[in-house]
Amino acid sequence: MTIEFDDNLITGNNTIDEQHKELIGRIKQFVDSCEQGDAKIKAIKMLDYLMEYTEFHFSQEEKLQEEVNYPELTQHREKHEEFKKTLQNLENFLEESEGPTDAFVQQVETNVVNWLFNHIKTFDRSVAEFIFIRENPDRL
């Protein structure tokens, strides 16, 4: 699976796009590490690293949404909580296993990569469009 930021993931908001590039880069490092069969401890540390950045990014997105009075903030926040719960479940799975197995990598691809790409293309792009319209009412 290709894990990289491309034009399909651009929201149009530079801050959000730069953070998405960083987040996707961290996910790629994590998946690469797991696919190489790195030790369980390294995989857990990489997942913790990913979880920390996810927390930072989501808090920044939610702060931005609050600042612009985004009407779908509650639903967006719920999606963020869903993703954080997924990461926590993956961490629990990893801690209980002998290391990052193929099944674990498949769960990461399905529940992290696919989820995040879909989230960016729908929820995050919607936020960026809302901000653009709000800041450029004359362009309608």
Side-chain angles (χ1 to χ4, degrees):
M1 167 176 245
T2 303
I3 303 172
E4 63 183 36
F5 187 90
D6 62 27
D7 290 350
N8 291 321
L9 299 172
I10 293 174
T11 67
N13 181 290
N14 290 336
T15 302
I16 291 174
D17 288 340
E18 287 304 313
Q19 289 181 8
H20 286 161
K21 287 177 188 175
E22 176 69 21
L23 184 57
I24 290 167
R26 290 184 185 212
I27 291 170
K28 181 174 178 10
Q29 289 176 345
F30 175 63
V31 171
D32 288 348
S33 174
C34 290
E35 288 178 338
Q36 293 168 7
D38 284 345
K40 177 179 176 176
I41 298 299
K42 182 175 180 184
I44 290 171
K45 286 182 180 181
M46 300 258 331
L47 184 56
D48 286 343
Y49 174 71
L50 172 61
M51 291 169 73
E52 285 176 20
Y53 192 80
T54 298
E55 187 67 42
F56 165 76
H57 170 65
F58 285 170
S59 70
Q60 293 293 304
E61 269 192 5
E62 291 168 10
K63 181 180 175 190
L64 174 64
Q65 291 175 42
E66 288 171 0
E67 290 171 359
V68 300
N69 295 315
Y70 182 63
E72 304 291 322
L73 172 60
T74 301
Q75 294 88 332
H76 204 125
R77 187 174 281 142
E78 288 171 0
K79 289 296 182 184
H80 287 171
E81 291 304 315
E82 175 185 302
F83 187 75
K84 289 190 280 188
K85 197 175 291 184
T86 295
L87 291 178
Q88 186 60 56
N89 289 340
L90 287 170
E91 184 175 56
N92 294 342
F93 180 90
L94 188 56
E95 287 176 353
E96 293 171 6
S97 70
E98 293 184 24
T101 63
D102 290 342
F104 178 78
V105 172
Q106 183 60 47
Q107 282 192 23
V108 170
E109 288 178 356
T110 301
N111 298 318
V112 175
V113 178
N114 293 344
W115 184 96
L116 182 63
F117 283 17
N118 183 58
H119 180 79
I120 291 171
K121 291 176 185 178
T122 56
F123 284 87
D124 291 345
R125 192 169 285 157
S126 177
V127 173
E129 289 171 358
F130 175 83
I131 293 169
F132 180 82
I133 290 169
R134 182 178 167 180
E135 293 176 353
N136 300 283
D138 55 320
R139 296 193 74 183
L140 292 177

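What you see is a predicted model; the values in this text were computed from it and never measured.
Partners of R77 according to the salt bridge (Lys or Arg N to Asp or Glu O under 4.0 Å) rule, which considers only residues two or more places apart in sequence or in another chain, are E62, E66. Scored by the side chain to side chain donor-acceptor pair (under 3.5 Å) test, D17 finds T11 as partners (sequence neighbours excluded). Residues that satisfy the side chain to side chain donor-acceptor pair (under 3.5 Å) test with K28, not counting sequence neighbours, are D32. E78 is linked by a side-chain contact (heavy atoms from CB on, under 4.5 Å) to T74, counting only residues two or more places apart in sequence or in another chain. Checked against side-chain contact (heavy atoms from CB on, under 4.5 Å), E81 has the following partners two or more places apart in sequence or in another chain: K84. Looking at residues two or more places apart in sequence or on another chain, you find a ring-ring contact (aromatic ring centres under 6.0 Å, His included) between F93 and F104. Judged as a side-chain contact (heavy atoms from CB on, under 4.5 Å), and not counting sequence neighbours, the contacts of E22 are R26, Y49, Y53. Scored by the ring-ring contact (aromatic ring centres under 6.0 Å, His included) test, H57 finds H20 as partners (sequence neighbours excluded). Every residue two or more places apart in sequence or in another chain was checked for a side-chain contact (heavy atoms from CB on, under 4.5 Å) with N14, and none qualifies.
In the hydrophobic clustering, where aliphatic and aromatic side chains (Ile, Leu, Val, Met, Phe, Trp, Tyr) are joined below 4.5 Å either directly or transitively, L73 stands alone. Residue I16 is found in a hydrophobic cluster whose other members, listed by chain and number, are L64, V68, Y70, V127, F130, I131; membership requires side-chain heavy atoms under 4.5 Å apart, directly or through intermediates. Cluster partners of F123 are absent, since no Ile, Leu, Val, Met, Phe, Trp or Tyr has side-chain heavy atoms less than 4.5 Å from it.
From N111, atom CG reaches atom CD of Q106 across 9.0 Å, with rounding to the nearest 0.5 Å. In this structure, CG in L87 is found 9.5 Å from CG in L116, a value given to the nearest 0.5 Å. Here CD of E67 is found 10.0 Å from CG of N69. Values are rounded to the nearest 0.5 Å. We find the OG1-CG distance between T101 and L94 to be 8.5 Å, quoted to the nearest 0.5 Å. Going from atom CZ of F83 over to atom CD of E55 covers 11.5 Å, rounded to the nearest 0.5 Å.
You'll find the side chain of L50 reaches within 4.5 Å of the side chain of L23, heavy atoms only. For the pair F30 and V108, the minimum side-chain heavy-atom distance is below 4.5 Å. Here the side chains of K42 and S33 are in contact, with some heavy-atom distance below 4.5 Å. Contact check for E72 versus Q65: no side-chain heavy atoms found under the 4.5 Å cut-off.
Around NZ of K45, the count of heavy atoms belonging to other residues, nucleotides or ligands within 6.0 Å does not exceed 12. Remark: N92 CG is packed, more than 12 non-hydrogen atoms of other residues, nucleotides or ligands lying under 6.0 Å away.
The main-chain N or O of N114 is never found under 3.5 Å from a side-chain atom of N118 such that the two would form a donor-acceptor pair. Between the T110 side chain and the Q107 main chain, no donor and acceptor come within less than 3.5 Å of each other.
Residues L47 and L90 come closest through the heavy atom pair CD2-C, 3.9 Å. Considering every non-hydrogen atom in both F117 and I24, the closest pair reads CE1-CD1, 3.7 Å. In terms of heavy atoms, V31 sits closest to E109 at CG1-OE2, 4.3 Å.
Here E82 pairs with K79 in a salt bridge; the nearest charged N to carboxylate O distance falls below 4.0 Å.
L9 and F132 sit in two unconnected hydrophobic clusters of ILVMFWY residues. Membership requires side-chain heavy atoms under 4.5 Å apart, directly or through other members.
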